[in-house]
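Mind looking over this structure? Questions follow.
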Amino acid sequence: MMMIAILCISLLPQKSEAAAPLPKREMRAAWIVTVGNGDMKAGMTASQYTAWARQTLDGLKGNGFNAVIFQVKPTSDALYESNLAPWSSYITGKKQGTNPGYDPLKIMIDEAHKRGMELHAWMNPYRVTMPSQSLPDLAANNAARKNPGWVVKYGKQYYLNPGLPAVQNYLVDSVKELVAKYDVDAVHMDDYFYPYKIANETFPDQAAFKQYGGSYKNVADWRRNNVNQLVKNLYNGIKATKPHVQFGISPFGVWRNQSLDPTGSATTAGVNNYDDLYADTRTWIKNGTIDYITPQVYWSKNMAAARYNTLLNWWSKEVNTYANTHPVNLYLGVADYKVATDTVDKTWNDKMELPNQISSNRANGTADGQMHFSTRSIQANKLGYMSIIKQQLYNTKAVTPAVPWKNGSVPAKPTAVQVKKETAGRTISITDQNVTQARKYVIYRFNGNAEGSYEDPRNIVDVVYNTGGQTVFTDKTASAGSSYTYGIRSLSATGVESSTAFVVREAGDGSFADVTTSHRAYKEVSFLAKEGITQGDANGLFLPGQTVTRAEAAAMLGRALNLNGTKRDSVFTDVGPGMFASGYIQSAVDRGIFSGYKDGSFKPYGHITRGEMALMISRAFGYEYNNSASAAQQALMSRGIALGMSDGQFGAQYSIIRADFAVFLARALDPSLRVQK
């Protein structure tokens with residue numbers, strides 16, 4: 001990551017803006033730097049490395065993160081087993097090419113996925129050495145040693161020449177090898193394209209330009225095309241290997257200043273992507289050759305030369321303008337490393353600066369999250385800024401953003417889920433026998449026996465990766481003395497969520513203060529309560545003598561039949577998506593259990609009669625009733641589900657109360673509760 005300092009005197013520290021709506025979908029990623037052993041020390045054994053990976057990931061997840069960007073190709077080397085690049089010296093601390101005896105990337109992927117966290121494999125394509133290295137320091141099988149004609153020196157470093165087709169082919173092959181061998185969620189490139197300019201020194205690619213420049217009249221346009229071609233070819237290579245693997249880039253934070261282009265940002269940055277690094281980010285967005293872009297907006301809101309909000313809005317407009325045909329997710333690269341360390345911009349001495357930037361991202365409406373540079377700064381938690389983020393902004397779980405434009409197919413919910421109460425919480429066993437299995441599952445938990453909102457992130461317990469169709473997760477936050485409803489939804493490889501959940505309700509004791517053991521409906525009400533089909537009010541009362549509304553009847557029948565209860569639009573004019581039983585009403589109508597009125601209404605708060613109840617239960621459970629109300633009543637009476645009233649009549653015209661509806665529904669579900677004749 002290039003740390004560009006733009007001289008500017010800061011203004012007054014900002015007030016807190018940390019209170020913001022909690023998003024269900026948000027990228028919360030941390031870069032893990034390996035070059036120069038920035039976030040990872042060298043020379044660890046396999047057990048030491050594994051312990052470090054677990055501790056690092058546990059710390060990040062504990063702070064609310066859901067993804068890591070792990071640097072696996074720092075300098076034409078590899079932190080994984082490769083046939084095209086030597087082992088990195090940053091893992092062993094020894095000469096490049098020394099085998100550490102274990103696979104750092106494989107361990108990091110496994111440990112990240114065990115925690116429900118994405119892993120993005122971070123590569124630096126052209127860099128061959130750091131300033132302190134020379135070519136003899138490299139392994140003999142390094143591409144730069146094997147192909148010296150590919151290499152140029154600029155300043156104190158060596159680079160692969162971006163203008164050579166052979167270099168492009170090598171880089172594409174390297175990434176295809178990586179994607180084919182490892183279960184990464186994304187490939188990530190940062191801001192090192194053509195190197196940052198050095199005063200009075202020209203990048204030595206004139207010979208390549210003469211040979212491959214073709215019709216290009218100036219070297220700058222040719223260089224930009226070289227980078228554009230690499231980005232396109234990497235994207236196509238990744239998708240041809242594993243279509244679900246994303247490709248993202250985190251360029252320098254300024255495309256062009258307005259002084260250079262009227263469509264550029266209102267900034268006066270000393271470096272521009274387009275002119276200095278030959279990185280035409282607009283073209284990548286416009287052509288859809290990336291899945292996400294993470295501009296490194298490493299400045300405060302008060303940095304006059306490049307204000308954070310100015311660039312946030314510019315990049316948002318860029319994505320909205322040029323990604324209409326090929327959508328691209330926008331994340332912001334944020335500068336954790338500057339908190340309490342920037343000697344020029346004193347705004348970074350305000351512990352709220354970075355939390356406020358996250359709040360601005362959320363309020364922006366286009367940005368889908370942020371990536372933090374880097375892990376050691378997160379761990380240092382200077383001024384307590386990360387504690388604020390954890391407590392106020394990352395205090396609920398978030399699902400990483402989807403890329404539905406790559407494949408919008410809605411996955412099926414898992415085929416079976418079991419929840420077992422343990423001393424450590426709940427063990428949730430997920431079985432998936434669908435032809436196309438989910439990549440992940442979102443585990444939702446609701447108090448009591450009723451489902452709540454699947455859009456409220458406060459109801460998310462965690463996200464877990466599918467492990468071959470049999471996935472086990474332990475909810476350690478569940479209380480031993482509480483009763484819950486769990487809803488498990490699937491996530492496709494592109495992050496699309498299933499429209500329905502597999503729902504498991506824990507059995508409560510089924511007791512209500514107003515339905516005691518002496519009540520005539522006690523057994524039936526208790527049965528329904530234990531099954532999560534019915535519930536009491538806020539005071540723990542069942543209200544057995546209260547009449548049943550059409551909406552309540554639809555909800556109870558829907559839960560009994562495990563219908564889709566997701567709140568949504570219905571066919572009725574008086575049942576909107578916010579109505580508590582809208583999902584069950586629509587599902588019941590789809591099943592032919594309910595019907596509406598000629599005026600297009602459902603009258604959800606109208607009362608149900610005993611005769612209507614007989615028709616509903618007959619339809620719901622497939623009893624033969626010849627489309628006759630009297631036959632439906634007889635179907636229930638002949639099965640011991642319903643009895644007549646004291647006068648010998650069925651009482652079809654009378655409104656049914658909650659106690660009686662519970663009795664009839666419970667008996668329909670459980671034959672052991674029926675009246676024996």
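Everything quoted here is computed from the prediction, not taken from an experiment.
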Side chains of Asp261 and Thr263, donor plus acceptor under 3.5 Å
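On atom types as modelled, these side chains qualify, holding a pair under 3.5 Å.
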Check the side chains of Arg445 and Thr477 for a donor-acceptor pair under 3.5 angstrom, ignoring hydrogens and angles.
yes
Name of the residue among Ile32, Val33, Val72 meeting side-chain contact (heavy atoms from CB on, under 4.5 Å) with Trp122:
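Testing each of Ile32, Val33, Val72 against Trp122, the sole residue satisfying side-chain contact (heavy atoms from CB on, under 4.5 Å) is Val33.
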Aromatic ring centroids of Trp255 and Tyr274 under 6.0 Å?
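Yes, they do, as the ring centres are separated by less than 6.0 Å.
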Identify, with sequence neighbours excluded, every residue that meets side-chain contact (heavy atoms from CB on, under 4.5 Å) alongside Thr494.
Val403, Lys406, Asn407, Ser492, Val496
Check step by step if salt bridge (Lys or Arg N to Asp or Glu O under 4.0 Å) holds for Glu118 and Lys440.
CA-CA 10 Å; Glu118 289 189 355; Lys440 308 175 191 173; 3.0 Å; yes
Is it the case that Asn66 and Thr400 place a side-chain donor and acceptor less than 3.5 Å from each other?
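The answer is no; no qualifying pair exists.
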Would Phe193 and Tyr278 count as a close aromatic pair, with their ring centres under 6.0 Å?
no
Is the ring centre of Phe203 less than 6.0 Å from the ring centre of Tyr154?
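Yes, ring centres under 6.0 Å apart.
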With no hydrogens and no angle check, do the side chains of Asp190 and Ser250 hold a donor and an acceptor under 3.5 Å apart?
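Note: Asp190 and Ser250 side chains miss the donor-acceptor criterion.
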Do Glu353 and Thr347 pair up side chain to side chain, a donor and an acceptor below 3.5 Å, judged on atom types alone?
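No, no side-chain donor-acceptor pair sits under 3.5 Å.
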Do you see a donor-acceptor pair shorter than 3.5 Å between the side chains of Asn302 and Ser300?
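Looking only at side-chain atoms, Ser300 and Asn302 do not form any donor-acceptor pair under 3.5 Å.
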If we ignore angles and hydrogens, is there a donor and acceptor under 3.5 Å between the side chains of Asn381 and Ser387?
yes
Step through it carefully: locate the ring centre of Phe446, locate the ring centre of Tyr484, and say whether they are under 6.0 Å apart.
no
In terms of side-chain heavy atoms, does His113 have a donor or acceptor partner in Asp185 at a distance below 3.5 Å?
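Side chains of His113 and Asp185: pair found under 3.5 Å.
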Does this structure show an ion pair linking Asp275 with Arg256, if we count only N-O contacts that are shorter than 4.0 Å?
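Yes.
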Please list all pairs meeting salt bridge (charged side-chain N to carboxylate O under 4.0 Å, His left out) that have one or both residues in residues 381-393, counting only residues at least two apart or in different chains.
none
Verify whether one side chain among Asn361 and Tyr308 offers a donor that lies under 3.5 Å from an acceptor in the other.
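Side-chain D/A pair, Asn361 to Tyr308: present.
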Between Asp368 and Arg25, does at least one N-O distance fall below 4.0 Å, as a salt bridge requires?
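No.
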Hey, are the side chains of Ile238 and Val175 touching, using non-hydrogen atoms and a 4.5 Å cut-off?
yes
Between the side chains of Tyr196 and Asp191, does any donor sit under 3.5 Å from an acceptor?
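Yes, side-chain donor-acceptor contact under 3.5 Å.
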Distance alone, cut at 3.5 Å: any donor-acceptor contact between the side chains of Ser360 and Lys301?
yes
Could you go through the ring-ring contact (aromatic ring centres under 6.0 Å, His included) check for Tyr159 and Tyr194 one step at a time?
CA-CA 9 Å; Tyr159 300 89; Tyr194 279 81; 9.3 Å; no
Is any NZ, NE, NH1 or NH2 atom of the basic residue among Asp276 and Arg223 found under 4.0 Å from an Asp or Glu carboxylate oxygen of the other?
no
Would you tell me whether Tyr182 and Asp103 have side-chain atoms, one donor and one acceptor, within less than 3.5 Å of each other?
yes
Are Tyr292 and Trp405 near enough that their ring centres are under 6.0 Å apart?
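Between Trp405 and Tyr292, which both carry aromatic rings, the centre distance is not below 6.0 Å.
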Can Lys61 and Asp462 be said to form a salt bridge (Lys or Arg N to Asp or Glu O under 4.0 Å), step by step?
CA-CA 11 Å; Lys61 181 160 186 178; Asp462 216 333; 2.7 Å; yes
Any donor-acceptor N or O pair under 3.5 Å, side chains Asn273, Asp280
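There is no such pair (donor and acceptor under 3.5 Å, judged by atom type) between the side chains of Asn273 and Asp280.
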Short N-O contact, Arg224 and Asp221, less than 4.0 angstrom:
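Yes, this pair counts.
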Among side-chain atoms of Ser377 and His372, is any donor-acceptor pair under 3.5 angstrom?
no
Donor-acceptor side-chain pairing of Trp284 and Asn228 below 3.5 angstrom
yes
For Arg439 and Asp183: C-alpha separation, side-chain torsions, deciding distance, then whether salt bridge (Lys or Arg N to Asp or Glu O under 4.0 Å) applies.
CA-CA 11 Å; Arg439 179 160 176 80; Asp183 188 22; 3.1 Å; yes
Do Thr56 and Trp52 have a side chain donor and acceptor closer than 3.5 Å?
yes
Take Lys24 and Glu497, measure what salt bridge (Lys or Arg N to Asp or Glu O under 4.0 Å) needs, and give me the verdict at the end.
CA-CA 12 Å; Lys24 174 181 171 179; Glu497 186 169 347; 2.8 Å; yes
Test applied, side-chain contact (heavy atoms from CB on, under 4.5 Å); reference residue, Tyr441; option that passes from Ile488, Val463, Ile428:
Ile488
Assert yes or no for the condition that the ring centre distance of Tyr394 to Phe65 is strictly below 6.0 Å.
yes
